[in-house]
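Fair warning: this is a prediction, and the values are worked out from it, not measured in the lab.
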Amino acid sequence: MSQTTHSDEWTPRRVLIVLTLIASQVASIATIILGPQSLPVIDREFNTNQGSWFVTSELLASAVLCPLFARLSDLYGKRRLAVIALLSGGLGSLLVAAAPTFSLLLVGRAMQGTLIVCCILGAAIVRESFPAKIAPVAVGLAVTGAGLPGSLVPFVTGPLMDSHGYRGVFLALAVVVAVAAVVLIHVVPESPVAKEGSVDFVGAFLLGSAVGSLLAGVSLGATVGWTSPLVVMLIVIGVCLGVGWILSATKKSDPLIDIRILADRRVATRMVAGGLIAGTGTLFLVISALVAESGSENGFGFGLNATQYAFVQCLFFFGFFVGGVVPIRAVRRYSFQLVQSILIVVLLLTSAALLLALDSLPLFGAIHLSAGLAVGGFFATMINFLLSEATPDRRASTAALYMTVATMMQSVFATVPISLSNGLFPGAEGSFGLDGIRFMGVFAIVTVLAAGLCTVAARRTTIRDLIDPLKKVPSGTVSEDAVLLRDSPADYL
């Protein structure tokens with residue numbers, strides 16, 4: 001039996017590295033939470049019905065920056081790019097805190113999109129710098145460890161927002177991010193530069209411009225009219241840029257995102273399903289913030305301040321943390337198809353229950369826990385399936401593509417349903433009426449159903465397929481689908 005050396009075990013420095021990476025990811029969770037949390041205040045202060053872009057701009061930027069930073073980190077070092085990501089996010093937080101106009105506010109939010117990049121770079125840093133014996137556990141902690149402290153973030157941001165406004169919260173976030181960057185420089189080792197090559201900046205520009213133009217067209221179309229020359233021009237430009245990106249990605253040997261992965265029908269349809277569920281989760285949080293902070297004079301809502309709303313918000317993120325752990329174990333004993341089907345049914349029922357919880361605070365809190373569990377579980381099982389299907393040389397491309405699809409769908413769902421709601425059911429300036437809130441709830445139900453259809457379309461489902469997953473796998477074996485997930489989830493990162 002081989003002996004374990006001290007170099008293969010946990011040391012105080014390795015623990016400190018993991019904690020530092022977790023702290024950087026908590027900052028990214030905080031900025032994501034602050035989007036929906038600040039949305040009602042942003043709408044009122046800037047007297048706009050385009051406040052959803054406060055959420056969208058960060059997610060849209062991260063969709064492009066995740067694969068871009070992943071490629072740059074291969075060329076220039078992962079710690080260096082992680083520090084740059086933190087500093088850029090910190091500067092973005094300062095700009096949000098000081099922005100005198102709505103346009104500058106959105107620029108700051110886009111800069112904060114670099115904070116989400118830390119989730120990818122942190123796992124890669126641990127995988128390269130830790131010994132093989134403890135690397136899988138360390139990667140798992142670096143990826144999911146931020147979920148639990150992240151659920152407590154609203155209890156910090158809520159009181160700060162009540163006492164100092166959203167500007168005070170983002171100023172405090174900038175200080176925290178700066179401290180995290182300094183600690184990361186001194187604690188985390190630099191990764192070796194593993195590759196030589198070019199960076200597909202053209203692809204990044206085409207992708208970001210295409211999605212941004214399309215979202216802007218849809219957002220404005222619901223308010224100024226779909227036949228407006230500006231709206232038509234934005235949509236046409238977005239489509240042309242999107243086609244250009246696809247052509248560019250298929251011709252390059254090392255594109256920003258390898259979309260050839262989507263040639264596999266099972267991968268493509270499940271990728272779409274994962275994006276729809278991620279988008280639904282974001283829409284749920286947007287609806288949640290609007291309902292929680294609306295007064296009962298609107299016919300719905302609870303009139304909660306940011307501190308009170310934190311108790312509701314943390315239930316979603318705690319459920320997300322639990323959902324990211326439990327379903328993976330279930331897949332080892334039951335069918336992957338069954339586990340994902342159950343998660344879709346749970347989210348479908350939760351979305352429907354949301355329409356009944358507009359004046360019931362206990363039910364409102366319970367559905368947050370349920371929604372977080374379903375979204376987190378779907379994300380965990382989906383990412384593991386996709387990575388298990390990919391060949392070793394394409395796992396990084398698959399991860400980058402999935403994160404891009406997920407964040408893009410989140411940005412779409414933070415803009416399109418709100419814009420359509422404003423156009424179809426206009427409320428008072430800077431607020432939403434009951435019909436608008438119900439419309440967004442129905443929109444969430446429809447998208448969950450679409451995600452369910454995608455998971456069914458991923459394989460040729462028969463009656464036997466629907467019955468077999470109900471059979472529990474005998475003790476000591478794993479299900480057929482679970483063979484795909486036979487390794488630790490951390491082994492794919």
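Remark: side-chain polar atoms of Arg167 are paired, donor with acceptor, to backbone N or O of Ala99 under 3.5 angstrom. A donor-acceptor pair is defined here as one N or O able to donate and one able to accept, closer than 3.5 Å; no such pair exists between the side chain of Arg109 and the backbone of Glu58. Under a 3.5 Å cut-off, the side chain of Ser248 and the backbone N or O of Gly244 do not form any donor-acceptor pair. A donor-acceptor pair under 3.5 Å links the side-chain atoms of Ser421 to the main chain of Gly436, judged by distance alone. No donor-acceptor distance shorter than 3.5 angstrom exists from the side chain of Ser213 to the backbone of Ala210, with no hydrogens or angles considered. Of the possible polar contacts, one joining the Thr114 side chain to the Gly89 backbone as a donor-acceptor pair under 3.5 Å is found. The backbone N or O of Ile246 lies less than 3.5 Å from a partner atom in the side chain of Thr250, making a donor-acceptor pair. At least one donor-acceptor pair closer than 3.5 Å links the side chain of Thr447 to the backbone N or O of Ala444.
The two residues Gln112 and Gly92 make their nearest non-hydrogen contact at CG-C, 4.0 Å. Considering all non-hydrogen atoms of both residues, Leu65 and Gly113 come closest at CD1-C, 4.3 Å. Closest heavy-atom contact between Thr101 and Phe46: C-CE2, 3.5 Å.
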Would Leu68 and Phe201 satisfy side chain to side chain contact (heavy atoms under 4.5 Å, CB included), going step by step from the backbone distance to the final call? CA-CA 8 Å; Leu68 183 60; Phe201 288 108; 4.1 Å; yes

Side chain to side chain contact (heavy atoms under 4.5 Å, CB included) between Val346 and Leu373, intermediate numbers included: CA-CA 9 Å; Val346 170; Leu373 179 67; 5.6 Å; no

CA sep, side-chain torsions, deciding dist, call: Ser93, Thr31, side chain to side chain contact (heavy atoms under 4.5 Å, CB included): CA-CA 9 Å; Ser93 298; Thr31 189; 5.7 Å; no

Using the rule given for side chain to side chain contact (heavy atoms under 4.5 Å, CB included), can you reason through Phe413 versus Leu276, listing the C-alpha separation, both sets of side-chain angles and the distance that settles it, and then say yes or no? CA-CA 9 Å; Phe413 277 59; Leu276 289 172; 4.0 Å; yes

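Proximity of Ile17 to Pro189: side-chain heavy atoms (C-beta onward) are separated by under 4.5 Å at one or more points.
Atom CZ of Phe205 has 12 or fewer heavy atoms from other residues, nucleotides or ligands within 6.0 Å.
Between Phe170 and Tyr166, the ring-plane angle classifies as perpendicular under the 30° and 60° cut-offs.
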